[in-house]
Participant: 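What follows is a structure written as structure tokens; I'll ask about it next.
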Amino acid sequence: METIIIPFITGDGVGAEITPSMQTLVDAAVQRAYTGSRQIKWEEVWAGERAYERLGTWLPDATIEAFATHRIGIKGPLTTPVGGGIRSLNVALRQTLDLYVCLRPVRWYTGVHSPLKHPEQVNMTVFRENTEDIYAGIEWEAGTPQAQRFYRFLHDEMNVDRVRFPESSSFGVKPVSREGTERLVRAACQYALANGLPAVTLVHKGNIMKYTEGNFKKWGYELAQREFAEPLADGRLTINDCIADAFLQNTLLTPELYSVIATLNLNGDYISDQLAAMVGGIGIAPGANINYQTGHAIFEATHGTAPGIAGKNTVNPCSIILSAVMMLQYMGWGEAAALIETALEQAFTAGKATADLARFMPNGTALSTTLFTQEIAARIETE
Ligand code: NAD
């Protein structure tokens, strides 16, 4: 029997409800698909509030070591520590393992309410750069000696005289590199080819930020033409680009034009949330952080700890469940992934969902998290 150890972080708040739901369904699907020849051994690791209460640290070294050793893991949402040394646990995990792609597939499931007239036309996968851009956290607050010093450097040494209000300005630095761009665009092109998707669209604001976002576009095209010349020539792959603001409009007007999106960190943040809202919103959007060179990948619920509904047995577990579907696909266990996806779609079509989705369904029945999990498990077992 093939056994794969998957480290998992339960997560804070609603994590205690969604993570066991996800594990139940993954186990059911693996059992149904491989009848005992494959299994997952879940290994709990700690992070967030649960780790702090138990071990006095927000992110134990053992957790990072487990993800480093086993390469593939999954996590629930984590409370962001307030006033601690760590700005965000998610960012710390991404940086330590250099998980340079934030992968967000966005598709619509029959039965789920959408604000669009034709949500079935939405089928995009966002490759958001995860390590650079304004998210690098290089910034200085207005009024501090550091901000003043930075301004003096700009003014005195770089001859910059375009800061309108220097005394009261905060400053941020936006690093964008050729290496960072190339590894992201390479991953997007490889993904498009492996999944038979027609185009990679580079989304940028290069008309304004010429050397950062503009070079992202330039380096992206150069990489594609250098490393993917054959599929570009024989029509298996197309590469194009779009300015970020126009892209947000176009995704609403002509979503069918787009399949794989490669973009910088901040654009990717906005784009992922808009696309998620177009197909059902926060409770259902899956995601992963991946380093395609080392193979390290952490799949995750994309929403937060939802403290207002934690412990009420009403939370929608679909975000982490669909992230587990991505994980199974990444492991090459596509049969088990397909069983879960089909069962979810069947349930949505029948109006069976948690309250956040069911209230918008004409035939909707709001199920508790537990009953929804049982509903999906039963469908997996009889598929
Ligand atoms: P949130 O995502 O927890 O909640 C936003 C709103 O969406 C709330 O009304 C919530 O009830 C609802 N919601 C979220 N997930 C839902 C689900 N699965 N089913 C039904 N409703 C759902 O965002 P927030 O309130 O801004 O943040 C709460 C905490 O979570 C903060 O500590 C924040 O730092 C953290 N957070 C963590 C992550 C992560 O670990 N990836 C992401 C975002 C926020």
Side-chain angles (χ1 to χ4, degrees), residues 75-80 86-107 115 122 124-139 170 172-177 180-181 183-185 187-188 191 200-209 212-217 220 241-252 255 258-291 297-306 319-320 322-323 326:
K75 61 174 276 294
L78 297 173
T79 305
T80 303
I86 300 177
R87 276 179 99 168
S88 156
L89 297 169
N90 296 309
V91 173
L93 276 171
R94 284 172 205 165
Q95 283 177 350
T96 313
L97 295 171
D98 193 21
L99 305 174
Y100 61 85
V101 171
C102 177
L103 182 66
R104 294 280 177 90
V106 187
R107 59 156 287 201
V122 182
M124 296 181 219
T125 304
V126 180
F127 279 72
R128 166 185 169 192
E129 205 289 323
N130 223 1
T131 62
E132 300 196 307
D133 199 355
I134 209 75
Y135 279 67
I138 310 169
E139 52 177 8
S170 290
V173 175
K174 178 182 173 81
V176 176
S177 69
T181 301
R183 64 183 184 171
L184 179 91
V185 175
Y191 182 93
V200 172
T201 303
L202 306 170
V203 179
H204 61 89
K205 194 75 186 148
N207 52 333
I208 303 297
M209 292 170 272
T212 49
E213 305 237 348
N215 275 6
F216 175 85
K217 169 185 154 188
D241 76 281
C242 190
I243 304 271
D245 42 332
F247 178 76
L248 286 171
Q249 277 196 59
N250 295 351
T251 54
L252 292 169
Y258 301 107
S259 48
V260 177
I261 315 306
T263 192
L264 301 104
N265 210 335
L266 180 60
N267 297 335
D269 199 358
Y270 300 148
I271 290 168
S272 305
D273 275 28
Q274 173 171 311
L275 294 183
M278 285 160 53
V279 295
I282 197 165
I284 195 173
N289 299 290
I290 303 179
N291 180 322
I298 301 182
F299 297 80
E300 63 176 359
T302 58
H303 55 78
T305 57
S319 173
I320 197 163
L322 287 166
S323 299
M326 291 170 69

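Note that the structure is predicted; figures quoted are calculated from it, not measured. The first residue in the sequence is number 1, and the count goes up from there.
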Participant: Checking Arg104 now: which residues fulfil salt bridge (charged side-chain N to carboxylate O under 4.0 Å, His left out) with it, not counting sequence neighbours?
Facilitator: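 Listed in chain order: nothing, the list is empty.
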Participant: Check Ile261 against Met124 and note the closest heavy-atom contact, atom names and distance.
Facilitator: CD1-SD, 4.4 Å
Participant: For Tyr100, give me all partners under ring pair (Phe, Tyr, Trp, His ring centres under 6.0 Å), at least two apart in sequence or on another chain.
Facilitator: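 Partners of Tyr100 under the ring pair (Phe, Tyr, Trp, His ring centres under 6.0 Å) test: none.
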Participant: Salt bridge (charged side-chain N to carboxylate O under 4.0 Å, His left out): which pairs involve residues 264-279, sequence neighbours left out?
Facilitator: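 Passing the test, one end in residues 264-279: Arg128-Asp269.
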Participant: Determine the minimum heavy-atom distance between Ile290 and Ala297, stating which atoms define it.
Facilitator: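 Scanning both residues completely, I find the closest heavy atoms to be CG1-CB, 3.9 Å.
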Participant: Check whether the side chains of Ser170 and Glu139 place a donor and an acceptor atom closer than 3.5 Å, and report yes or no.
Facilitator: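 No, because no side-chain N or O of Ser170 sits under 3.5 Å from a partner of the opposite role on Glu139.
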Participant: Find the distance between CD (Gln249) and CD1 (Ile243) and round it off to the nearest 0.5 Å.
Facilitator: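 If we round to the nearest 0.5 Å, Gln249:CD and Ile243:CD1 are 12.5 Å apart.
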Participant: Nearest 0.5 Å please: distance from the CD1 atom of Ile138 over to the CD atom of Glu132.
Facilitator: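 Going from CD1 on Ile138 over to CD on Glu132, the span is 10.0 Å.
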Participant: Which atoms form the tightest heavy-atom contact between Asp133 and Val176, and what is the distance?
Facilitator: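 Nearest pair, atom of Asp133 first, then Val176: CA-CG2, 4.4 Å.
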Participant: Can Tyr135 and Val91 be said to form a side-chain contact (heavy atoms from CB on, under 4.5 Å), step by step?
Facilitator: CA-CA 9 Å; Tyr135 279 67; Val91 173; 6.0 Å; no
Participant: Are Val185 and Leu202 close enough that some pair of their side-chain heavy atoms sits under 4.5 Å apart?
Facilitator: yes
Participant: For Ala276 and Val106, work out which heavy atoms get closest and say how close.
Facilitator: N-CG1, 4.3 Å
Participant: What is the distance from atom CD1 of Ile134 to atom CG of Asn265, rounded to the nearest 0.5 Å?
Facilitator: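 Spacing of CD1 (Ile134) from CG (Asn265) equals 10.0 Å.
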Participant: For the residue pair Ala188 and Val200, what are the closest heavy atoms and their distance?
Facilitator: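 For Ala188 and Val200, the tightest heavy-atom pair comes out as O-CG2, 3.8 Å.
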Participant: Please check: side-chain N/O of Ser319 versus main-chain N/O of Ala285, any donor-acceptor pairing under 3.5 Å?
Facilitator: yes
Participant: Quick one: CG on Asn289 to CG on Asn130, what's the gap to the nearest 0.5 Å?
Facilitator: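 Going from the CG atom of Asn289 to the CG atom of Asn130 covers 5.0 Å.
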Participant: I need the Met209 CE to Leu266 CG distance, nearest 0.5 Å.
Facilitator: 8.0 Å
Participant: Under a 4.5 Å cut-off applied to non-hydrogen side-chain atoms, are Thr131 and Arg183 in contact?
Facilitator: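 Thr131 vs Arg183: side chains touch.
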Participant: With the side chain counted from C-beta on, respond yes when Leu322 and Ile284 share a heavy-atom pair under 4.5 Å apart, and no when they do not.
Facilitator: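 The answer is yes; the side chains approach within 4.5 Å.
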Participant: Hey, is the main chain of Thr79 close enough, under 3.5 Å, to the side chain of Thr305 for a donor-acceptor pair?
Facilitator: no
Participant: Hey, could you give me the CG/CG distance between Leu93 and Leu99, rounded to the nearest 0.5 Å?
Facilitator: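 Interatomic distance, Leu93 CG to Leu99 CG, rounded to 0.5 Å: 7.5 Å.
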Participant: Which residues pass the salt bridge (charged side-chain N to carboxylate O under 4.0 Å, His left out) test with Lys205, sequence neighbours left out?
Facilitator: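 For Lys205 the salt bridge (charged side-chain N to carboxylate O under 4.0 Å, His left out) partners, ignoring immediate neighbours, are Asp245.
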Participant: Evaluate the side-chain proximity of Val279 to Arg107: yes if any heavy-atom separation is below 4.5 Å, no if none is.
Facilitator: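 No, their side chains stay 4.5 Å or more apart.
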Participant: Between Leu275 and Thr251, does the side-chain contact (heavy atoms from CB on, under 4.5 Å) criterion hold? Intermediate values first, please.
Facilitator: CA-CA 8 Å; Leu275 294 183; Thr251 54; 3.8 Å; yes
Participant: Test of understanding: with salt bridge (charged side-chain N to carboxylate O under 4.0 Å, His left out), list the residues that count as partners of Glu129, not counting sequence neighbours.
Facilitator: none
Participant: Of all heavy-atom pairs between Leu248 and Gln274, which one has the smallest distance, and what is that distance?
Facilitator: O-NE2, 3.0 Å
Participant: Write out all pairs satisfying salt bridge (charged side-chain N to carboxylate O under 4.0 Å, His left out) with one or both partners inside residues 278-289, taking only residues at least two apart or from two chains.
Facilitator: none
Participant: Quick one, Thr263 and Phe247 - any side-chain contact, counting heavy atoms below 4.5 Å?
Facilitator: no
Participant: Measure from the side-chain N and O atoms of Ser323 to the backbone N and O of Glu300, and report whether any donor-acceptor pair falls under 3.5 Å.
Facilitator: yes
Participant: Report yes if the side chains of Asn90 and Leu78 come closer than 4.5 Å at any heavy-atom pair, otherwise no.
Facilitator: yes
